[in-house]
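One structure is given here, and the rest of the page talks about it.
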Amino acid sequence: MKPEAQLAELKRGVVDLHVEADLLERLSEGRPLKIKAGFDPTRPDLHLGHTVLLNKMRQFQDLGHDVVFIVGDFTAQIGDPSGRSSTRPVPTREEIEEGARTYAEQAFKILDKKRTQIVYNGEWLGKMAFDDVIRLAGKYTLARMMERDDFKRRWAEHVSISLHELLYPLAQAYDSVVLECDVEIGGTDQLFNLLVGREIMREMGQRPQIVMTTPLLEGINARIENGKIVGAKMSKSLDNYVGVDEAPKEQLGKLMSLSDDLMWRYYELLSNAPEAEVQRLKRACAAGELNPRDAKIALAKEIVSRYHGAREADAAEASWLAQFSKREIPDDMPEHEVALEEEDVWIPKLLSDLGLVKSSSEGRRRIQQGGVEIDGDRISDPQAKLPKGGPYVIKAGKRAWATVTLK
RNA sequence: GGAGGGUUGCCCGAGCGGUCAAAGGGAGCAGACUGUAAAUCUGCCGGCUUAUGCCUACGGUGGUUCGAACCCACCACCCUCCA
């Protein structure tokens with residue numbers, strides 16, 4: 001592919017690009033470029049937010065370039081400075097390796113294995129002596145470090161900044177020096193770190209890397225207010241994520257719970273559909289010609305098929321439609337058998353024992369709110385009991401189903 | 001080293017002796033509605049089966065008080081300012 005065409009392709013969905021002319025120049029050199037991206041191996045569960053970046057890396061690979069996948073084992077051993085209030089336990093060597101392994105395993109659902117090299121930055125960072133560190137630190141200034149947005153903000157808001165946090169960007173920059181990479185990519189929150197890489201490479205007499213950032217995807221519970229997206233970025237700890245490894249039904253369901261507005265953001269960042277097609281869908285929904293639900297299903301299926309295949313996506317769609325659109329009984333609910341000492345059991349207690357609700361108090365509430373059905377009959381009395389027998393089909397809310405036999 | 005401010009439920013945040021299981025918002029849940037697990041509306045949102053009841057909870061430990069998230073002492077952690 002022509003360098004200009006490659007550039008156009010690579011620029012899609014990218015927020016920052018420093019420096020475009022330089023990228024074009026390197027693409028014109030006709031050699032595979034070295035693309036670097038770093039990952040924190042302590043939380044190895046990949047979700048759709050990570051895939052925005054991985055998709056971009058894959059795009060480079062498809063254009064014939066090589067990806068260096070840096071496992072931040074060294075930085076992980078020091079601990080993430082941003083988690084200030086909750087001091088995270090320092091992971092062991094084994095945990096890091098295990099994390100890196102599962103991370104890579106999931107990443108290869110997107111990346112091309114043949115064009116990916118995995119390296120650990122502990123290989124070189126771990127060998128640096130204190131004077132090496134001081135020399136490296138001498139290449140940057142506090143004033144420049146404080147240009148960083150979150151440092152500036154934390155400083156203004158009187159939130160503490162530890163000294164070692166100032167060293168992080170330098171460590172990451174040094175990775176680039178060691179690897180002599182052409183391009184480093186990361187989320188927009190990484191912009192500063194990536195730019196420090198340029199600076200340090202120049203200081204060390206190297207050609208500064210090209211820096212590219214991809215947007216951060218908001219979590220599935222984000223809202224749109226006055227045209228702006230309100231809500232935290234996708235993360236496992238906030239439980240607003242869709243995991244790459246999750247079951248098809250779960251992925252589809254979570255994606256269907258996106259608000260109609262937010263769906264377009266997901267289209268933009270995750271779909272491979274051409275820009276023009278997305279715009280067409282958007283207009284059709286706005287005009288009332290297309291049910292937003294159907295646009296959402298199309299998106300959800302595209303994503304589910306990417307990780308599980310088209311057949312699974314179809315199956316997930318069918319069961320979703322049956323359960324939530326037609327309100328049928330799901331086909332795959334868990335089956336339980338409970339041995340009773342008495343002749344019957346208080347229903348809220350049973351719901352709690354089956355794990356359908358967190359406590360019998362909640363079970364009682366759910367009955368009062370009309371959310372509990374047994375064999376299709378709504379239970380309205382929170383004192384109600386269920387005699388031995390069954391199997392009973394129990395519904396305790398939209399998504400909590402089970403069958404149970406009482407013995 | 002000195003002076004001051006702070007630590008509240010899943011998160012943010014109000015409360016500053018009783019009427020506090022603790023305002024408000026977010027998240028979550030249920031119901032209604034719906035072509036969506038969208039939007040909107042209503043309700044719920046510590047636990048204990050039956051409760052104008054009990055237990056647990058407002059950083060930790062003690063204390064004052066008939067009574068403490070609220071007052072006092074000490075401890076821990078965080079922040080700011082002056083050195």
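First the proteins, then the strands, lettered A, B, ... as listed; each starts at 1.
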Result of checking A:V196, A:L195, A:V183 against A:V211 for side chain to side chain contact (heavy atoms under 4.5 Å, CB included): A:L195
Under-4.0 Å side-chain N/O to phosphate OP1/OP2 contact, A:S359 with B:G47: yes
B:A3 - base-pair partner by Watson-Crick or wobble geometry, distances under 3.5 Å: B:U80
Stacking of A:W346 on B:U49 base (centres under 5.5 Å, planes under 30°): yes
Paired nucleotide for B:U36 [Watson-Crick or G-U wobble; both distances under 3.5 Å]: none
Rounded distance (Å) that lies between atom P of B:G25 and atom CG of A:N221: 18 Å
Rounded C1' spacing from B:C72 to B:C78 in Å: 22 Å
5'-most by nearest nucleotide on RNA chain B - A:M256 or A:R366: A:R366
Watson-Crick or G-U counterpart of B:A14, or none if no pair lies under 3.5 Å: none
Short N-O contact, A:K34 and A:E180, less than 4.0 angstrom: no
Touch class at under 4.0 angstrom, heavy-atom based, for A:S361 against every strand present: base
N/O (side chain, A:R365) to phosphate O (OP1/OP2, B:G47) under 4.0 Å: yes
Sugar-phosphate, base or nothing in reach of A:G253, heavy atoms under 4.0 Å: base
Inter-residue atom distance A:K395.NZ - A:I379.CD1, 0.5 Å rounding: 12.5 Å
Sugar-phosphate, base or nothing in reach of A:K358, heavy atoms under 4.0 Å: nothing
Pair of N/O donor and acceptor under 3.5 Å linking B:A38 base with A:R293 side chain: no
Euclidean distance for P, B:U7 against B:G59 (whole angstrom): 8 Å
Gap between atoms CG and P, on A:D381 and B:U49 respectively (whole Å): 16 Å
Sugar-phosphate only, base, or nothing, as touched by A:L258 at under 4.0 Å among non-hydrogen atoms: sugar-phosphate
Inter-residue atom distance A:L217.CG - A:K233.NZ, 0.5 Å rounding: 11.0 Å
Spacing of the P atoms in B:C70 and B:A57 (rounded, Å): 13 Å
Spacing of A:E373 atom CD relative to B:A30 atom P, expressed in whole Å: 13 Å
Atom C1', compared across B:A22 and B:A37: separation rounded to whole Å: 32 Å
Complementary nucleotide of B:G28, counting Watson-Crick and G-U pairs under 3.5 Å: B:C44
Position toward the 5' end of RNA chain B (nearest nucleotide), A:D260 or A:R364: A:D260
Side-chain donor/acceptor contact of A:K296 with base of B:U36 under 3.5 Å: yes
Sugar-phosphate only, base, or nothing, as touched by A:P348 at under 4.0 Å among non-hydrogen atoms: nothing
Rounded distance in Å between the P positions of B:G43 and B:G24: 12 Å
Base partner of B:C20, which must satisfy Watson-Crick or wobble distances under 3.5 Å: none
Side-chain N or O of A:S360 closer than 4.0 Å to phosphate OP1/OP2 of B:U49: yes
Short side-chain N/O contact to B:G31 OP1/OP2 from A:R378, under 4.0 Å: no
Short side-chain donor-acceptor distance under 3.5 Å, A:H50 and A:Q106: no
More than 12 heavy atoms from other groups under 6.0 Å of OH on A:Y174: no
Identity of whatever pairs with B:A69 - Watson-Crick or G-U, under 3.5 angstrom: none
Short N-O contact, A:R144 and A:E199, less than 4.0 angstrom: yes
